[in-house]
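To keep things clear, I will list the structure first and then write my remarks on it.
Any value given below was found using the heavy atoms of this structure, including those in side chains, with hydrogens, waters and symmetry copies removed.
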Amino acid sequence: MFARYEGIAWERRFLPRLTSKQVKELPKEDALVILPIGAVEQHGAHLPVLTDTLIGEATLTAALERLDADAPVWLLPPVPYGKSNEHLGLPGTISLSAATLQGIVLDIAESLKLSGFERLLLFNTHGGNVDLLNMAAREIRIRCGLTVFYLSPGSLGGAEGLIAEEELEYGIHGGDYETSLVKAIKPDWVLDEFAVKEVPEMAGFEFLTLEGKIRFAWRMADISASGIAGDATIATAEKGRLILDRVAGTLAKALMELCTFKLADLERKRIEA
């Protein structure tokens, strides 16, 4: 079961765990700093409003335990709030404006630069943050000169053979995927008796989708009466554990690649070609 501030990720890789002197003395050329960004928003009647932030913390906790002891990877405290205005009006949702969230991320990046760091990973677990954080990453690169990466752990796969294709396409909020993960991470925080299935009727469209191909702007109230999109009734802790293990294993390998990537190498390869 997930325990915050315990284990390797929080004892050995949690950057604020160090003193100012220790941070100053860290080798920083290849060091990667991870900023988790989630959300506090409704996830139906069965999941906690902390779901997105919780999944991000647990995924990083599992991935960082898989790294070699000398891997130069450091974790920042998560930003628990996101741009969740599509859920405003539904109880428990706390949203930052786009300008506020971008300002927070830029301020953190500038502070890291002043401490001597050169690499930042924006680790996002809320769909409503995606476009803003990709834009913020470019702004950080321009303003601070940091090498900036963006990653949503869902893009690393992990659900193959466990979650149905239709559910992966339309179960984007509080469905089988997220409910299974929370069941694995914090089972006592899931209220099974309130789990429902509600899937937006999108089957008749060839190009329009919720999150791919051609997208359309929506509020949660536009696509769901229950506050979820997906089938929470079929979620299991076993599926969640398997997904978490797969994603954490892939993420650990990806983090090491980010530590070695240098933008200057791209220019050299282009010239040589």
List in chain and number order the residues that pass salt bridge (Lys or Arg N to Asp or Glu O under 4.0 Å) with Glu166, two or more places apart in sequence or in another chain; answer none if no residue qualifies.
none
For Asn129 and Gly38, work out which heavy atoms get closest and say how close.
ND2-O, 3.1 Å
Nearest 0.5 Å, what's the OH-CG distance between Tyr81 and Leu96?
8.5 Å
Residue pair Leu258 / Arg119: nearest heavy atoms and the distance that separates them:
O-NH1, 2.6 Å
Contact check, side chains of Thr125 and Thr53, non-hydrogen atoms, under 4.5 Å
no
Hey, is Arg17 close enough to Glu11 for a salt bridge, meaning N to O under 4.0 Å?
yes
Salt bridge check, Arg66 against Asp245: does any charged N sit closer than 4.0 Å to a carboxylate O?
yes
Would you tell me whether Glu198 and Ser226 have side-chain atoms, one donor and one acceptor, within less than 3.5 Å of each other?
yes
May I ask you to say whether Glu238 pairs ionically with Arg241, meaning some side-chain N is under 4.0 Å from a carboxylate O?
yes
Could you check Asp30 against Lys262 for salt bridge (Lys or Arg N to Asp or Glu O under 4.0 Å), going step by step and ending with a plain yes or no?
CA-CA 9 Å; Asp30 297 323; Lys262 291 181 173 60; 3.5 Å; yes
Between Phe261 and Leu266 the two heavy atoms that sit nearest each other are CZ-CD1, 3.8 Å
Taken to the nearest 0.5 Å, the spacing of Leu122 CG from Phe149 CZ works out to 10.5 Å
Do Glu169 and Met202 make a side-chain contact, defined as non-hydrogen atoms from C-beta onward lying under 4.5 Å apart?
no
With rounding to the nearest 0.5 angstrom, report the CG to CG distance, Leu60 to Leu255.
7.5 Å
Side-chain H-bond candidate by donor/acceptor type, Thr100 with Ser97, under 3.5 Å:
yes
Hits for ring pair (Phe, Tyr, Trp, His ring centres under 6.0 Å) against Phe14, two or more places apart or cross-chain, chain-then-number order -> Tyr5, Trp10
Show the nearest heavy-atom pair for residues Leu146 and Arg141, with the distance to one decimal.
O-CD, 3.0 Å
Output for pair (Cys144 SG, Ile108 CD1), nearest 0.5 Å, gives 11.5 Å
Would you name the heavy atoms of Met220 and Leu90 that are closest together and state the gap between them?
CB-CD1, 4.3 Å
Does Glu257, at its CD atom, have more than 12 non-hydrogen atoms belonging to other residues, nucleotides or ligands within less than 6.0 Å?
no
Show the numbers, then the answer: is there a side-chain contact (heavy atoms from CB on, under 4.5 Å) between Arg13 and Leu67?
CA-CA 10 Å; Arg13 299 195 177 278; Leu67 298 181; 3.8 Å; yes
Specify the closest pair of heavy atoms between Thr59 and Pro153, including all atoms of both residues, with the distance to one decimal.
CG2-CB, 4.3 Å
For the backbone of Ile234 and the side chain of Lys239, can you confirm whether one donor and one acceptor N or O come within less than 3.5 Å of each other?
yes
Enter the distance from Leu32:CG to Leu121:CG here, rounded to the nearest 0.5 Å.
5.5 Å
Spatial distance of atom CD (Glu178) from atom CD1 (Ile228) [nearest 0.5 Å]:
9.5 Å
